[in-house]
Amino acid sequence: MINPRILRDTPEVVEAALTNRNADVSLLHQLQDLDATWRRENQALDALKAERNQSVPKGAPTPHQREALANLSATIKTRQQQVNDLDEARRALAMQIPNILTPDVPIGPDDRHNRVIRTVGTPQQRDFPPKSHDELATHLGIIDFDRAAKIAGSRFAIFKGLGARLERAIATFMLNTHVNDFGYCELSPPVLINTAALQGTGQLPKFKDDQYHVDNDYWLSPTAEVQLTNFHANEILSAADLPLKYCAFTPCFRKEAGSYGTDMKGLIRLHQFNKVELVQLVTPETSNDHLMTLLSHAETILQRLELPYRVVALCSGDTGFSAAQTFDLEVWLPAQNQYREISSCSNFLDFQAIRSKIRYRHADGSVRYLHTLNGSGLAVGRTMAAILENYQDASGNVYIPNALQGYMELEVITHES
RNA sequence: GGAGGAGUACCCAAGUGGCUGAAGGGGACGGUUUGCUAAACCGUUAGUGUUCGAUAGGGCAGCGAGGGUUCGAAUCCCUCCUCCUCCGCCA
């Protein structure tokens with residue numbers, strides 16, 4: 001949620017941000033009206049309450065006093081209901097307004113206006129046409145999409161034998177890197193989560209259709225960002241505790257509504273996939289610097305796996321609802337002859353912290369909202385796809401990157417293995 | 001899933017309708033004493049949210065959450081959440 005102070009004091013900033021995102025500016029005006037009305041009504045109500053507090057006698061009231069108080073109480077009750085309704089409407093509207101973008105976010109309506117920041121590594125030149133990762137994996141017998149369809153449906157995968165081992169190796173390598181080299185605390189959280197958590201990070205209320213909603217009002221987590229960020233919801237942390245850095249390896253669930261027909265084959269777009277996620281809770285002054293280091297942590301994984309990638313600054317129209325600024329990492333997929341997203345690293349400023357009430361005590365004693373950041377470190381399925389495609393030979397064998405050989409206890413996956 | 005019990009401030013805890021926005025203790029902080037420390041004694045101590053002013057300060061809310069009864073609720077009623085004990089089931 002955008003800081004109410006900014007909404008009230010400098011609405012033009014919010015208006016500009018909404019325009020850059022192609023978002024509905026009329027929401028803002030509705031919100032301003034509601035906010036003004038709420039404040040006026042709430043003040044009037046508080047005055048009535050003050051009057052009541054002063055007229056309440058120490059002991060039992062006389063019948064005359066009782067009648068006057070009864071009238072006052074009835075009025076307060078009615079108006080309290082009105083104020084509550086206004087407050088809820090105000091809040092519901094505020095929850096639907098996206099974050100304000102950082103000034104250096106490129107302006108543009110869609111992903112064609114994203115800016116490539118740097119390209120790292122060079123796609124390997126081959127004298128044979130590269131096979132797609134799903135073709136390779138099926139041929140090697142390490143992923144079974146058809147049988148996954150039998151027990152679940154389309155957009156699911158079953159990793160088998162060395163495929164399952166490779167997924168485990170990739171996840172362990174990533175977690176070990178983040179925990180041992182970068183100081184993240186590993187969490188293993190629930191993936192069945194509640195509504196409040198999803199509201200906190202911004203997936204609800206606006207993106208209800210993307211989420212799996214299950215029995216008992218639980219939701220299947222679309223990303224561990226939700227669990228890791230809400231780990232400290234409704235807390236006031238000590239400034240000395242910051243920055244807090246958490247990582248987790250979890251399954252993620254997405255309905256992928258509206259993406260019919262795209263990426264139907266392979267590991268790129270599944271209803272369930274595994275991901276290593278990074279989250280940081282930091283002081284406001286340092287969040288921009290921490291975004292750069294978080295990005296470097298995700299990049300390190302690609303570098304150690306020796307996969308070619310590029311860093312892309314998302315433009316205003318492509319930046320997610322809750323984010324103020326996002327850098328995507330895109331890995332080279334030879335069979336697709338293009339770079340594809342494998343990580344998304346964002347600074348949310350205080351947007352999520354306000355929604356989830358995550359605060360810290362500043363050195364001067366005041367209580368302030370902190371800043372939250374997150375990024376994939378990385379999507380495991382897409383990483384496997386990239387390894388398969390980039391490390392294949394002409395016969396369809398796949399070599400294991402040096403960094404993973406210790407975890408795999410193997411150097412190459414062949415049809416015979 | 002069934003049967004009980006419990007949630008009060010940083011911690012422990014008193015409190016079954018008005019004198020309780022909350023006794024008492026611990027802790028923390030300040031002071032007296034002291035060469036220093038400890039002890040003792042004295043004092044201070046709800047954090048927070050919101051609003052008005054926007055410096056000082058004031059109003060309102062707030063006893064797990066949300067409703068209800070009542071002139072008035074920490075206290076009575078309802079729903080929910082969390083924790084504990086026992087039974088059942090289960091990885």
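A, B, ... follow the sequence lines: proteins, then strands. Residue 1 opens every chain.
- In this entry B:rA22 has no Watson-Crick or G-U wobble partner, no candidate having both defining distances under 3.5 Å.
- For the P atoms, the distance from B:rU69 to B:rC10 is 32 Å, rounded to whole Å.
- Checking B:rA74 for Watson-Crick or G-U wobble geometry (two distances, each under 3.5 Å) identifies no partner in any strand.
- Under the 4.0 Å criterion applied to side-chain N and carboxylate O atoms, A:R269 and A:E256 are assigned as salt-bridge partners.
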Do any side-chain atoms of residues 133-143 of chain A form donor-acceptor pairs under 3.5 angstrom with protein atoms, and if so which ones, sequence neighbours left out?
unit_1: A:H133; atom_1: ND1; unit_2: A:E389; atom_2: OE2; d: 2.9
unit_1: A:H133; atom_1: NE2; unit_2: A:L267; atom_2: N; d: 2.8
unit_1: A:D134; atom_1: OD1; unit_2: A:S132; atom_2: OG; d: 3.0
unit_1: A:T138; atom_1: OG1; unit_2: A:D134; atom_2: O; d: 2.7

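- A:I193 places its CD1 atom 18 Å from the P atom of B:rC81, with the value rounded to the nearest Å.
- Taking the C1' atom of each, B:rC19 and B:rA39 are spaced 38 Å apart, rounded to whole Å.
- Spacing of C1' atoms, B:rU82 relative to B:rU8, comes out at 16 Å, to the nearest Å.
- B:rA6: Watson-Crick or G-U partner is B:rU82, with both key distances under 3.5 Å.
- Distance check on atom C1': B:rC71 versus B:rC78 gives 22 Å, rounded to whole Å.
- For the pair A:D215 CG and B:rG1 P, the interatomic distance rounds to 11 Å; values are reported in whole Å.
- A distance of about 29 Å separates the P atoms of B:rC60 and B:rC77, rounded to the whole Å.
- When the nearest nucleotides of RNA chain B are assigned to A:N53 and A:Q81 by heavy-atom distance, the more 5′-ward of the two goes with A:N53.
- Distances shorter than 4.0 Å separate none of the side-chain N or O atoms of A:K49 from OP1 or OP2 on B:rG62.
- For the pair A:H113 and A:D318, the minimum side-chain heavy-atom distance is 4.5 Å or more.
- If you check B:rU34 for Watson-Crick or wobble pairing at under 3.5 angstrom, you find it has no partner at all.
- Ring centers of A:H271 and A:F156: under 6.0 Å apart, within the cut-off.
- OP1 and OP2 of B:rC81 both lie 4.0 Å or more from every side-chain N or O belonging to A:N194.
- Among the heavy atoms of the strands, none lies under 4.0 Å from A:K357.
- Listed pair A:S73 / B:rU70 fails the phosphate criterion, with no side-chain N or O lying under 4.0 Å from OP1 or OP2.
- In a base pair of the Watson-Crick type (N1 to N3 plus N6-O4 or O6-N4) or a G-U wobble (N1-O2 and O6-N3), with each distance short of 3.5 Å, B:rG27 is matched with B:rU45.
- Distance CD (A:Q80) to C1' (B:rC60): 10 Å, rounded to an integer number of Å.
- Spacing between atom CG of A:L48 and atom C1' of B:rG59 amounts to 12 Å, rounded to whole angstrom units.
- You'll find the ring centres of A:Y246 and A:H232 inside the 6.0 Å limit.
- Atom CZ of A:R91 and atom P of B:rG66 are 12 Å apart (whole Å).
- Between B:rU48 and B:rG64, the two C1' atoms lie 16 Å apart (nearest whole Å).
- With both pairing distances under 3.5 Å, B:rC90 is matched to nothing as a Watson-Crick or G-U wobble pair.
- Of the candidates B:rG67, B:rC60, B:rU69, B:rG67 carries the atom nearest the A:N84 side chain, counting heavy atoms from C-beta on.
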Between the protein and nucleotides 48-57 of chain B, which nitrogen or oxygen pairs are less than 3.5 angstrom apart?
unit_1: B:rU48; atom_1: OP1; unit_2: A:R361; atom_2: NH1; d: 3.4
unit_1: B:rU48; atom_1: O3'; unit_2: A:R359; atom_2: NH1; d: 3.0
unit_1: B:rG49; atom_1: OP1; unit_2: A:R359; atom_2: NH1; d: 3.0
unit_1: B:rU51; atom_1: OP1; unit_2: A:R8; atom_2: NH1; d: 2.8
unit_1: B:rU51; atom_1: OP1; unit_2: A:R8; atom_2: NH2; d: 2.8
unit_1: B:rC52; atom_1: OP1; unit_2: A:R39; atom_2: NH1; d: 3.3

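- None of A:P243, A:S343, A:C345 except one satisfies the side-chain contact (heavy atoms from CB on, under 4.5 Å) rule with A:L294; the exception is A:C345.
- Proximity of A:V282 to A:L373: side-chain heavy atoms (C-beta onward) are separated by under 4.5 Å at one or more points.
- Annotation: B:rG47 and B:rG35 have their P atoms spaced 37 Å apart (nearest Å).
- Between A:F351 and A:Y369, a ring centre-to-centre spacing not shorter than 6.0 Å is recorded.
- Between B:rG27 and B:rC11, the two C1' atoms lie 7 Å apart (nearest whole Å).
- As the counterpart of B:rU69, no nucleotide is assigned, since no Watson-Crick or G-U wobble pattern has both distances under 3.5 Å.
- For the pair A:Y184 and A:C247, the tightest heavy-atom approach, listed with the atom from each and the gap, is CB-SG, 3.8 Å.
- Remark: B:rA54 base-pairs with no nucleotide in the shown strands. Criterion, Watson-Crick or G-U wobble with two distances under 3.5 Å.
- In this structure, A:E235 places its CD atom 14 Å from P of B:rC10, rounding to the nearest Å.
- Distance A:R52 CZ to B:rG18 C1': 14 Å, rounded to the nearest Å.
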